[in-house]
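Order of the sequence lines fixes the chain letters, A, B, ..., with proteins taken first and strands second; residue numbering starts at 1 for each chain. None of the values given here were measured: they were computed from a predicted structure.
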Protein chains: 2
Amino acid sequence: MAVAKPQSTRRSRPQERPLTLTPAARRILDVAGDLFYTRGINTVGMELVAERAEVTKKTIYDRFGSKQRLVVEYLRERDARWRAHLTGHVERADDSPRARVAATYDALDTWMGQENQRGCAMVNAYAELSDPDHPGRAVAEEQKRWLRDLYTGLAARTGAEDPRELADALAMLHEGAVVARNVTGVADAARIARSAADALVTARMAPTDQA
Amino acid sequence: MAVAKPQSTRRSRPQERPLTLTPAARRILDVAGDLFYTRGINTVGMELVAERAEVTKKTIYDRFGSKQRLVVEYLRERDARWRAHLTGHVERADDSPRARVAATYDALDTWMGQENQRGCAMVNAYAELSDPDHPGRAVAEEQKRWLRDLYTGLAARTGAEDPRELADALAMLHEGAVVARNVTGVADAARIARSAADALVTARMAPTDQA
DNA sequence: AGGTAACCACACCGGTCGGTATACTCGCGA
DNA sequence: TCGCGAGTATACCGACCGGTGTGGTTACCT
């Protein structure tokens, strides 16, 4: 065991040095990403990361400077991977708002099948990093804002009266599906969310656009 | 700082002693509940709990036996409070499935306004307690199952073709609203979820029941 | 040839973790 | 009066935390 303290209050961030991703650093980040996601950020010590990456702690600190930084890089990378996954699905879909909304839930479905066995990494990190100044929180917030904006754009194209509100509802189905699958064990959560989203779009669509 | 380890593998649970809630134990549980929720379970040490409850660690261990047990009791109590809050709202609503569904989101709204500034305690605990054997996880799972069943009952009364699926969608809006409010900062998340839920019920309702 | 970046091994730091042990006091009910 | 449950205070346990410092070895770039 061992675990505690109010989380380093690194106030007034000292501007980020750019990070050189040497081979060892690459290994460290991979290992840390896996461990942080599956076991939780706070329960994984640097010693363990070092051991798994076959690297000394010294090397980790030479490359990343602090655990906080390593955590932030883990979140950033995961966020980027998720965005790429989602936008890939969306762009391959038909260019209709309805099809594209559906595509977001398909993306979620495949994502959850592969690398999301422990819920949303951003939401988990948000739960674990209780210090409001931890820069990892900003990464999570940004991802959620991004998804919301994506939905807002699509919602606007449906002709909905209040695109923002529709977008928020679609985002809720999205996040809720992750919880349903992860905690409640609903295997086809993404499919259900997709179907509900479609019904919602229909209900909110401008009447003239109904087809 | 300090935080780590794969989380005590207390396998084959040694049957729970019933807990005597002495005045000190009451204080301990209150303090622990507050700290665990606001700072996270893993970042709060027993030393801090003892200090805040104006009690020695000895007393905590005499009453609760272990941190794990204290965590479980915290989750149970919070779960019970939440269920009471929600059922209170539901029972005070008109006895129509539509009104009762709406009432669940109203309950969420007032709940989030008062004592849910850091998201859903069950979801957070699920994120923090990565050991699949930690009994705290079961408490979270049970709450989500309960909510799902509650929605299933209401959905059945709407005459929906697939009550389970409608119920899951309603639960997703529910959980999603918590994330939206907490991470994305959507102030009227509960209201939006309520409105979306209502539209969804309308869409899924048996055509003959439309009113 | 010299410099430097990237790594290794290893020892060490103060501090905290969850949990235990010993010994003592107080108030209550039989 | 006696015992006991609930509490106090304090010291301690081994383990682990995040992080640093020293010194040495490659390998590549100029």
Side-chain angles (χ1 to χ4, degrees), chain A residues 1-10 14 17-29 31-32 35-36 39-74 128-129 131 134-136, chain B residues 1-10 14 17-29 31-32 35-36 39-74 128-129 131 134-136:
Chain A
M1 212 82 355
V3 159
K5 257 311 198 35
Q7 255 141 29
S8 58
T9 319
R10 192 90 73 249
R17 294 185 348 261
L19 254 202
T20 332
L21 221 52
T22 63
R26 182 65 267 156
R27 245 157 45 228
I28 292 162
L29 198 44
V31 162
L35 287 172
F36 286 160
R39 301 198 193 182
I41 293 167
N42 289 333
T43 55
V44 169
M46 297 300 264
E47 210 102 43
L48 178 62
V49 174
E51 185 192 311
R52 293 288 187 94
E54 296 182 274
V55 141
T56 56
K57 270 207 289 181
K58 185 66 169 43
T59 302
I60 300 184
Y61 280 91
D62 284 349
R63 293 303 128 230
F64 295 91
S66 68
K67 182 177 183 179
Q68 180 176 260
R69 182 71 195 274
L70 182 57
V71 167
V72 168
E73 293 305 326
Y74 145 62
E128 285 204 87
L129 309 176
D131 177 357
H134 196 296
Chain B
M1 211 84 353
V3 159
K5 258 312 196 37
Q7 255 140 25
S8 58
T9 319
R10 191 92 71 249
R17 294 186 348 262
L19 256 204
T20 332
L21 219 54
T22 62
R26 183 65 268 156
R27 245 156 46 226
I28 291 162
L29 197 45
V31 162
L35 288 171
F36 286 159
R39 301 197 193 181
I41 293 166
N42 288 332
T43 55
V44 169
M46 297 300 265
E47 211 101 45
L48 178 61
V49 174
E51 187 192 310
R52 293 289 187 94
E54 296 181 273
V55 140
T56 57
K57 271 209 288 183
K58 181 68 167 47
T59 302
I60 300 184
Y61 280 92
D62 283 349
R63 291 305 126 229
F64 294 91
S66 69
K67 182 178 183 180
Q68 181 176 258
R69 181 71 194 275
L70 182 59
V71 168
V72 169
E73 294 304 326
Y74 145 62
E128 285 204 87
L129 309 176
D131 177 358
H134 196 296

May I ask you to verify if any side-chain N or O of [X] is less than 4.0 angstrom from the OP1 or OP2 atom of [N]?
| X | N | answer |
| --- | --- | --- |
| B:R63 | D:dG5 | no |
| A:T59 | C:dC8 | yes |
| A:Y61 | D:dG19 | yes |
| B:T56 | D:dT8 | yes |

Checklist entry - Of all the choices, C:dC7, D:dT8, D:dG19, which nucleotide is nearest to the side chain of B:V55 once you look at every atom? => result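 Between C:dC7, D:dT8, D:dG19, the one nearest the side chain of B:V55 would be D:dT8.
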Rounded to the nearest Å, what distance is computed from the [atom1] atom of residue [X] to the [atom2] atom of nucleotide [N]?
| X | N | atom1 | atom2 | value |
| --- | --- | --- | --- | --- |
| A:L21 | C:dA6 | CG | C1' | 13 Å |
| A:I28 | C:dA6 | CD1 | P | 12 Å |
| A:D62 | C:dC10 | CG | P | 17 Å |
| B:L70 | C:dG19 | CG | C1' | 14 Å |
| A:I41 | D:dG18 | CD1 | P | 12 Å |
| A:Q68 | D:dC17 | CD | P | 18 Å |
| A:I60 | D:dT20 | CD1 | C1' | 14 Å |
| B:K57 | C:dG18 | NZ | P | 7 Å |

Checklist entry - 5'-most contact on DNA chain C: A:E54 or A:E47, nearest heavy atom basis? => result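 Final value for this comparison: A:E54.
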Item to check | First encountered from the 5' end of DNA chain D, between A:K58 and A:M46 | outcome: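 The answer here is A:M46.
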Checklist entry - What does A:T22 touch in the nucleic acid at a heavy-atom separation under 4.0 angstrom: a base, only the sugar-phosphate, or nothing? => result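 Touches sugar-phosphate only.
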Checklist entry - Just wondering, do A:V49 and A:K67 contact through their side chains at under 4.5 Å, heavy atoms? => result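 Side chain of A:K67 against side chain of A:V49, heavy atoms only: no contact under 4.5 Å found.
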Item to check | Chi angles and distances behind the side chain to side chain contact (heavy atoms under 4.5 Å, CB included) call for B:R69, B:L19 | outcome: CA-CA 10 Å; B:R69 181 71 194 275; B:L19 256 204; 3.4 Å; yes
